[in-house]
Amino acid sequence: MAVLPIRKFPDPVLREKTLPVEKIDDELHKLIKNMADTMYAAPGVGLAANQVGILKSVVVVDIDEGLMVFLNPEITWYGNETEEGEEGCLSVYPQEIQVMIPRSTKIRFKAKNEKGEPVEFEAEGLLARALQHEVDHIHGILILDRTSPEERRRALKDLAGKTLV
Ligand code: ZN
């Protein structure tokens with residue numbers, strides 16, 4: 001068990017695109033285990049590998065329905081309906097900074113599980129939101145990029161205030 005340090009905004013690694021996982025080996029299993037430990041310790045509902053400084057397309061998610069592990073995740077379809085919802089991020093510290101983000105309420109999601117088996121499913125609600133958030137991470141996109149200019153200004157101001165303390 002190892003809880004890894006979570007990279008915080010504006011760490012440039014959060015802006016990097018991750019690389020697809022090609023080999024499933026002990027090193028990858030160790031990374032997955034450590035990412036899960038880190039997410040639960042935070043606590044958070046999701047974590048992408050670049051948030052712990054590893055440029056691999058690996059995400060872990062748990063929306064209180066058990067641990068889900070996805071390799072090379074992609075969203076293959078976005079529903080037309082979007083909904084605004086409050087989101088925080090373990091890398092946009094402190095966590096009490098939440099911004100309103102519009103997300104599709106329904107998506108189609110494709111990835112591999114930790115055994116390398118393909119998985120594909122439709123997700124909605126909180127799971128759809130969490131998966132969109134994590135897939136954003138592996139493309140170097142943060143919640144600050146998705147929110148309105150007013151919300152971004154407010155969040156950055158809050159962040160600056162908190163860091164000065
Ligand atoms: Zn995040």
Side-chain angles (χ1 to χ4, degrees), residues 2-21 28 31-75 78 82-107 109-114 123-163:
V3 172
L4 307 169
I6 297 176
R7 302 299 187 92
K8 309 286 190 194
F9 174 83
D11 190 319
V13 78
L14 298 169
R15 294 302 190 184
E16 299 265 355
K17 288 186 182 169
T18 60
L19 298 169
V21 173
L28 182 77
L31 172 67
I32 290 167
K33 177 80 176 62
N34 290 345
M35 282 176 62
D37 290 344
T38 305
M39 172 179 72
Y40 288 123
V45 297
L47 190 74
N50 48 346
Q51 291 183 275
V52 292
I54 307 289
L55 292 177
K56 282 185 181 169
S57 299
V58 181
V59 306
V60 293
V61 172
D62 189 340
I63 54 156
D64 266 346
E65 290 179 2
L67 177 65
M68 293 181 267
V69 177
F70 301 115
L71 313 175
N72 309 339
E74 45 181 315
I75 293 163
Y78 292 88
T82 59
E83 192 176 68
E84 293 248 337
E86 273 201 329
E87 274 180 46
C89 178
L90 297 176
S91 289
V92 181
Y93 185 83
Q95 275 164 261
E96 58 264 33
I97 289 184
Q98 300 232 321
V99 289
M100 293 298 282
I101 314 257
R103 300 277 191 194
S104 292
T105 54
K106 218 173 186 184
I107 56 162
F109 179 82
K110 192 175 144 183
K112 284 184 173 169
N113 66 17
E114 68 268 44
E124 50 188 24
L126 181 59
L127 181 58
R129 180 169 289 276
L131 293 172
Q132 288 172 84
H133 181 117
E134 298 314 324
V135 170
D136 270 357
H137 270 302
I138 66 166
H139 292 111
I141 299 167
L142 295 172
I143 51 172
L144 298 169
D145 308 319
R146 291 276 187 209
T147 193
S148 67
E150 297 76 42
E151 284 268 283
R152 183 184 307 116
R153 261 197 300 277
R154 182 183 60 78
L156 289 172
K157 214 171 119 194
D158 281 359
L159 277 174
K162 297 275 175 19
T163 350

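Both ligands and their constituent atoms are indexed starting at 1 by order of listing. Sequential numbering from 1 along the given sequence is applied to the chain's residues.
Across all non-hydrogen atoms, the minimal contact from Thr147 to Arg152 is O-NH2, 3.4 Å.
Only protein atoms were considered; those of element N, O or S under 2.8 Å from the Zn ion (ligand 1) number 3.
Among residues two or more places apart in sequence or in another chain, the side chain to side chain donor-acceptor pair (under 3.5 Å) test is passed with Tyr40 by Asp62. For the side chain to side chain donor-acceptor pair (under 3.5 Å) test, residues two or more places apart in sequence or in another chain that qualify with Glu87 are Arg103, Arg129, His133. In this structure, Glu84 has no side chain to side chain donor-acceptor pair (under 3.5 Å) partners at least two apart in sequence or on a different chain.
Atom NZ of Lys56 and atom OG1 of Thr18 lie 11.0 Å apart (nearest 0.5 Å).
Remark: the backbone N or O of Val21 is not paired with any side-chain donor or acceptor of Ser57 at under 3.5 angstrom.
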